[in-house]
Amino acid sequence: MPSNDARSLLQVAVPTAVAGAVAAAVSAGVAGGKGALGAVVATIVVILFMGIGLVVLQRTARSLPHLFQAMGLLLYTAQLLLLFIFVAAFKNTTVFNPKAFAITLVAATLVWIGAQARAHMKAKILYVEPESDKDEKPTNTRAKS
């Protein structure tokens with residue numbers, strides 16, 4: 001993974017993990033150990049889903065730039081659908097507190113999206129590819145006589 005990709009992934013994963021830790025502490029205070037477990041599981045799910053999506057999107061942007069926007073929209077829609085499926089699947093679980101899980105899932109997703117927007121705004125991304133020297137044509141061409 002190139003350093004820019006790792007840096008952008010780190011800039012969004014760390015705030016999400018911190019939000020998950022805060023949610024786990026709050027859930028532990030409100031719902032006990034099962035609440036903390038639900039918050040931790042939700043945070044892990046968000047970091048995995050959104051992290052995989054970010055890596056796929058970055059590789060798509062590099063290899064197929066003409067599909068970047070469509071791929072981004074499709075990817076975010078699929079991620080949100082999968083997160084809703086997770087909430088529905090674990091709605092009646094007894095392993096952890098489903099309310100803490102659902103609230104943390106939504107909160108961690110919002111933190112991820114906000115951190116990703118912030119990282120993108122702070123990134124210095126070229127919108128035009130600079131020309132290299134080998135692509136330039138010589139400027140001193142004389143007409144042959």
Side-chain angles (χ1 to χ4, degrees), residues 1-140:
M1 178 178 281
S3 65
N4 288 341
D5 296 348
R7 187 178 311 122
S8 65
L9 186 61
L10 192 63
Q11 287 176 342
V12 293
V14 169
T16 305
V18 169
V22 169
V26 170
S27 297
V30 173
K34 288 189 176 192
L37 182 61
V40 168
V41 169
T43 304
I44 291 170
V45 166
V46 168
I47 290 174
L48 283 177
F49 275 20
M50 301 301 253
I52 290 169
L54 183 61
V55 169
V56 167
L57 197 59
Q58 287 171 339
R59 289 190 182 194
T60 300
R62 209 172 294 114
S63 62
L64 303 166
H66 59 283
L67 293 178
F68 179 70
Q69 186 176 13
M71 183 68 168
L73 292 171
L74 178 68
L75 185 68
Y76 286 126
T77 303
Q79 286 174 333
L80 290 175
L81 279 171
L82 284 172
L83 291 175
F84 283 128
I85 289 170
F86 261 79
V87 170
F90 293 112
K91 186 171 137 180
N92 296 321
T93 187
T94 57
V95 176
F96 51 78
N97 187 321
K99 283 187 179 181
F101 174 77
I103 291 170
T104 303
L105 195 71
V106 170
T109 301
L110 291 175
V111 168
W112 181 282
I113 291 169
Q116 192 172 9
R118 181 180 180 271
H120 183 72
M121 287 173 38
K122 292 186 84 174
K124 293 178 172 78
I125 301 171
L126 297 175
Y127 61 91
V128 175
E129 291 290 328
E131 291 183 19
S132 64
D133 290 337
K134 64 182 178 182
D135 291 341
E136 292 180 14
K137 295 181 180 178
T139 56
N140 298 8

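This chain uses plain numbering: 1 for the first residue, then up along the sequence.
- Here side-chain hydrogen bond (donor to acceptor under 3.5 Å, both in side chains) pairs that include residues 64-81, with residues two or more places apart or in two chains, are Y76-Q116.
- Note: H120 NE2 to S8 OG = 11.0 Å, rounded to the nearest 0.5 Å.
- Between L73 atom CG and F68 atom CZ the span is 9.5 Å, to the nearest 0.5 Å.
- Closest non-hydrogen pair, G35 versus S27, comes out as O-CB, 3.2 Å.
- Separating the CE atom in M50 from the CG atom in L75 is a distance of 8.5 Å, to the nearest 0.5 Å.
- Pairs of residues two or more places apart, or lying in two chains, never qualify as side-chain hydrogen bond (donor to acceptor under 3.5 Å, both in side chains) while including a residue from residues 88-97.
- Applying the side-chain contact (heavy atoms from CB on, under 4.5 Å) criterion to A24, with sequence neighbours excluded, gives A39, V40.
- Applying the side-chain contact (heavy atoms from CB on, under 4.5 Å) criterion to T43, with sequence neighbours excluded, gives I47, T104.
- Of the listed residues (L105, V45, L82), just one forms a side chain to side chain contact (heavy atoms under 4.5 Å, CB included) with V87, and that residue is L105.
- Scanning for side-chain contact (heavy atoms from CB on, under 4.5 Å) contacts around V56 gives I52, T60, M71, with sequence neighbours left out.
- Remark: I44 CD1 to T16 OG1 distance equals 13.0 Å, nearest 0.5 Å.
- Residues meeting the ring pair (Phe, Tyr, Trp, His ring centres under 6.0 Å) test with F96, sequence neighbours left out: F90, F101.
- Within the model, atoms CG of L81 and CZ of F84 stand 8.0 Å from one another, a figure rounded to the nearest 0.5 Å.
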